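Computed from a predicted structure; not experimentally measured. First listed ligand is number 1; within each ligand, the first listed atom is number 1. Below, all heavy atoms of this structure are taken into account, side chains as well, without hydrogens, waters or symmetry copies.
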Amino acid sequence: MDCDRCGADAVMHAAYSGAHLCENHFTRSVEKRVRRRVREDNLLASDATPESPETWVIGLSGGKDSVVLTEILSDTFGKDPRVELVALSIHEGIEGYRDESLAASEELTEALDIQHTVVGYEEEFGVRMDDVVEDDPENMAPCAYCGVFRRDLLESYAEELGADKLLTGHNLDDEAQTALMNVLEGDIKQVAKHFDASIGGFDDREETEAFVPRAKPLRDVPEKEVALYAHLKDLPAHITECPHASEAYRGEIQELLLKLEENHPGTRHSIMSGYEELAALAADAYGGEDGQALRECTECGSTTSADVCRKCRLLASMEAV
Ligand code: SF4
């Protein structure tokens, strides 16, 4: 097939839009969608200046999504004095997995000349995910522990690095899967939180001072297109799957969505457009923070809705093993 725009050989066909694009037009189209999302989400504060720039901390795992996000943001804002980009990587302590993706992150940030900070569960909490999986004091899936620890570190280090925004590489498939899971689980409070965790598209939301505002500039780009972009640009992305990956339900939803998308192109986009509206209504109904007052964790001082935050409770149960 030929590219719709210039007649060169097409490298991709997007069934949801009908477009056939060559390498040049495809990569430009991905970059355009990310830049449009940044604009529409008002990511760059209007009062940012070269004298008083915004700091955007990017959660960089070294996987294709965060690598592509970092590359495009660097290409777009690398020379803009109103924005400082900082990459933040988390080492979970998973043998033979994270070391390689951190090497990819190092390679990328060095090439792009971006400050890169690496923090680890072991140094911060005294645990490694490999040990957590072995002990499993709460009888939970590994990702349930890991997600709590990761959120805590992203949040606290974003603050320490002076972040005005915390950016993550969630793509369209990730977002549509989470949306569908929340709806199928009937978890409307989680829908409200999903809304609250993102500044995306909700510029009339009052920013809570308790958390660094988050954004997902890649959320309009399907996963396959992110992977193709990383491949065509020869980016140093690490693609091995984590040996503890355990979200079986997400896997089922992923398969379901792929099937739906194949039979009904555009399903992911339509899920997200309806979900954002629903999330705004849910956030209004639940008062943003689940209706619960926020306070400081009595153990670590992080912001939480309980006396002791979830991370400290998990660490305590690990110690008790
Ligand atoms: Fe952690 Fe699960 Fe991701 Fe592995 S797949 S790094 S255990 S959240």
Salt-bridge criterion met for Lys216 and Asp65 (N-O under 4.0 Å): no

Mind listing the side-chain donor-acceptor pairs of residues 226-235 below 3.5 Å, one per line with the distance, residues two or more places apart or on another chain?
residue	atom	partner	partner atom	Å
Tyr229	OH	Glu31	OE2	2.5

Give a yes or no on whether Asp113 atom CG has more than 12 heavy-atom contacts from other residues, nucleotides or ligands under 6.0 Å away. no

Enumerate donor-acceptor pairs with a distance under 3.5 Å from any side-chain N or O in residues 20-28 to protein atoms, sequence neighbours excluded.
residue	atom	partner	partner atom	Å
Thr27	OG1	Glu23	O	3.0
Thr27	OG1	Asn24	O	3.1

Which atom names give the shortest non-hydrogen contact between Cys146 and Tyr121, and what distance separates them? O-OH, 2.9 Å

Sphere of radius 2.8 Å around atom 1 (Fe) of ligand 1 - protein N, O or S atoms inside: Cys146 SG

Results of side chain to side chain contact (heavy atoms under 4.5 Å, CB included) for Ser17 - residues two or more places apart only: Ala14, Ala19

